[in-house]
Amino acid sequence: MIKITRYIVALSGKGGVGKTTTMLNLGLALRQLGKESIVVDTNLITPNVALQLGLTPNTATLNRVLYKQASIFDAIHVHESGLHVVPAGLSALEYQNHFLTDFRDALLPLESRYDFVLMDCGAGLWGEVSQSAKAANEALIITNPELTAMIDSIKAIKMAEKLGVDVSGVVLNKVMGKKYELKEKVIEGMINDYPILSKIPFDKKVLKSNNLRKPVVGYKPRSKAAKAYKKLAKVLIEIGN
Ligand SMILES: Nc1ncnc2c1ncn2[C@@H]1O[C@H](COP(=O)(O)OP(=O)(O)OP(=O)(O)O)[C@@H](O)[C@H]1O
Ligand SMILES: [Mg+2]
């Protein structure tokens, strides 16, 4: 059966809100639900995927695919958790020609092989980030319940809208349930009609898992964060049906 591949980009504007953590855990959770998924590191300048999974990508990287020196299938790494990823090169020399960022062309061969291609890009809303968004048909907005993250995420939504990329919804990450956090009603007001797809708690198990180079969904599947990432995977599948 031919698969309809969903190309989803994580956007936040602000750095450090949890894009990479979310995409890796979402990728694994989707796989556990029987969906073929792959995480592609389109953050060529400050790539995190290989580091966060303890992979040594050597030459099999997205950079080589962009240079047309390797096929995307040569650049697929399988983590011990079962997660498929295409890392970006870690060397500072590798991103010099990053005008070569036609991600759509590079990722096209994954079409119909995977149900989900999840693009993890960097912070900001320019360069590679907008190139990643252009290669996607859906955007997941990752943010935290604080003013700076929310203001940047509104800009991320506007960028996706301008590029004609569907905004699937918002993932509220690192939620602590404290009084000083922005209230859900206020956040809903800021994101207009877009839904909050999942609220991921701030969970030390995420930090512990990341330190061990394992997604929390695989390492501590019963943790609060893992449950929330699995819920996000289910919701994403449902909205695509
Ligand atoms: N739900 C969570 N609970 C606790 N810590 C978290 C959670 N999500 C992410 N973190 C931690 O927050 C930090 C930033 O996460 P991550 O690298 O995924 O963010 P990012 O948005 O990809 O950052 P960048 O913009 O630099 O790419 C990491 O130390 C990560 O372990
Ligand atoms: Mg990241």
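Read the numbers this way: they start at 1 and go in the same order the structure lists the ligands and their atoms. We number each residue from 1, following the sequence as shown.
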When only distance counts, is [X] in polar contact with ligand 1, meaning an N/O pair under 3.5 Å?
{"X": "Asn43", "answer": "no"}
{"X": "Thr22", "answer": "no"}
{"X": "Gly18", "answer": "yes"}
{"X": "Asp120", "answer": "no"}
{"X": "Val17", "answer": "yes"}

Item to check | side chain to side chain contact (heavy atoms under 4.5 Å, CB included) evaluation trace for Leu110 with Ile72 | outcome: CA-CA 8 Å; Leu110 301 175; Ile72 188 106; 4.1 Å; yes
[atom] [closest protein heavy-atom partner, distance rounded to 0.1 Å]:
{"atom": "atom 4 (C) of ligand 1", "value": "Asp203 O, 3.3 Å"}
{"atom": "atom 12 (O) of ligand 1", "value": "Lys174 NZ, 2.9 Å"}
{"atom": "atom 31 (O) of ligand 1", "value": "Asn210 ND2, 2.7 Å"}
{"atom": "atom 17 (O) of ligand 1", "value": "Gln52 OE1, 3.9 Å"}
{"atom": "atom 27 (O) of ligand 1", "value": "Asn48 OD1, 3.4 Å"}
{"atom": "atom 18 (O) of ligand 1", "value": "Thr21 OG1, 2.6 Å"}
{"atom": "atom 6 (C) of ligand 1", "value": "Val206 CG1, 3.6 Å"}
{"atom": "atom 20 (P) of ligand 1", "value": "Lys19 N, 3.4 Å"}

Using a 4.0 Å heavy-atom cut-off, which part of [X] comes near ligand 1: side chain, backbone, both, or neither?
{"X": "Pro201", "answer": "backbone"}
{"X": "Asn173", "answer": "side chain"}
{"X": "Ile142", "answer": "neither"}

Checklist outcome for this item: Near Gly15 (heavy-atom distance under 4.0 Å), the atoms of ligand 1 are 25 (O)
Checklist entry - Which ligand 1 atoms, with their elements, are less than 4.0 angstrom from a heavy-atom of Leu207? => result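 Matching atoms, with element in brackets: 5 (N), 11 (C), 29 (O), 31 (O).
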Checklist entry - Between Ser12, Gly124, Gly16, Gly13, which one has a non-hydrogen atom sitting closest to atom 26 (O) of ligand 1? => result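 Going through Ser12, Gly124, Gly16, Gly13 one by one, Gly16 has the nearest heavy atom to atom 26 (O) of ligand 1.
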Donor-acceptor check, side chain of [X] to backbone of [Y], threshold 3.5 angstrom: yes or no?
{"X": "Asn173", "Y": "Asn144", "answer": "no"}
{"X": "Asn25", "Y": "Tyr229", "answer": "no"}
{"X": "Arg64", "Y": "Ala88", "answer": "no"}

Item to check | Verdict with reasoning, Glu184 to Lys199, per salt bridge (Lys or Arg N to Asp or Glu O under 4.0 Å) | outcome: CA-CA 10 Å; Glu184 201 171 325; Lys199 285 182 278 177; 2.6 Å; yes
Item to check | Criterion side-chain contact (heavy atoms from CB on, under 4.5 Å) against Glu181, the qualifying member of Ile187, Val175, Val186 | outcome: Val175
Next on the checklist: Test side chain to side chain contact (heavy atoms under 4.5 Å, CB included) on Val86 and Asp41; report intermediate values, then the result.
Outcome noted: CA-CA 6 Å; Val86 174; Asp41 197 343; over 6 Å; no
Checklist entry - Any N/O/S of Gln52 under 2.8 Å from the Mg ion (ligand 2)? => result no
Next on the checklist: The test is side chain to side chain contact (heavy atoms under 4.5 Å, CB included); show your working for Met159 and Val129 and say whether it passes.
Outcome noted: CA-CA 10 Å; Met159 185 185 86; Val129 178; 4.2 Å; yes
Item to check | Residue pair Ile157, Asn192: steps toward the side chain to side chain contact (heavy atoms under 4.5 Å, CB included) verdict | outcome: CA-CA 10 Å; Ile157 290 174; Asn192 295 328; over 6 Å; no
Checklist entry - Just checking, any donor-acceptor pair under 3.5 angstrom between side chains of Gln52 and Thr20? => result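 There is no such pair (donor and acceptor under 3.5 Å, judged by atom type) between the side chains of Gln52 and Thr20.
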Checklist entry - Looking only at side chains, do Ser12 and Lys19 share a donor and an acceptor under 3.5 Å apart? => result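 Result is yes, a qualifying pair exists.
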Checklist entry - Just wondering, more than 12 heavy atoms not from Lys183 lying within 6.0 Å of its NZ? => result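 Enclosed.
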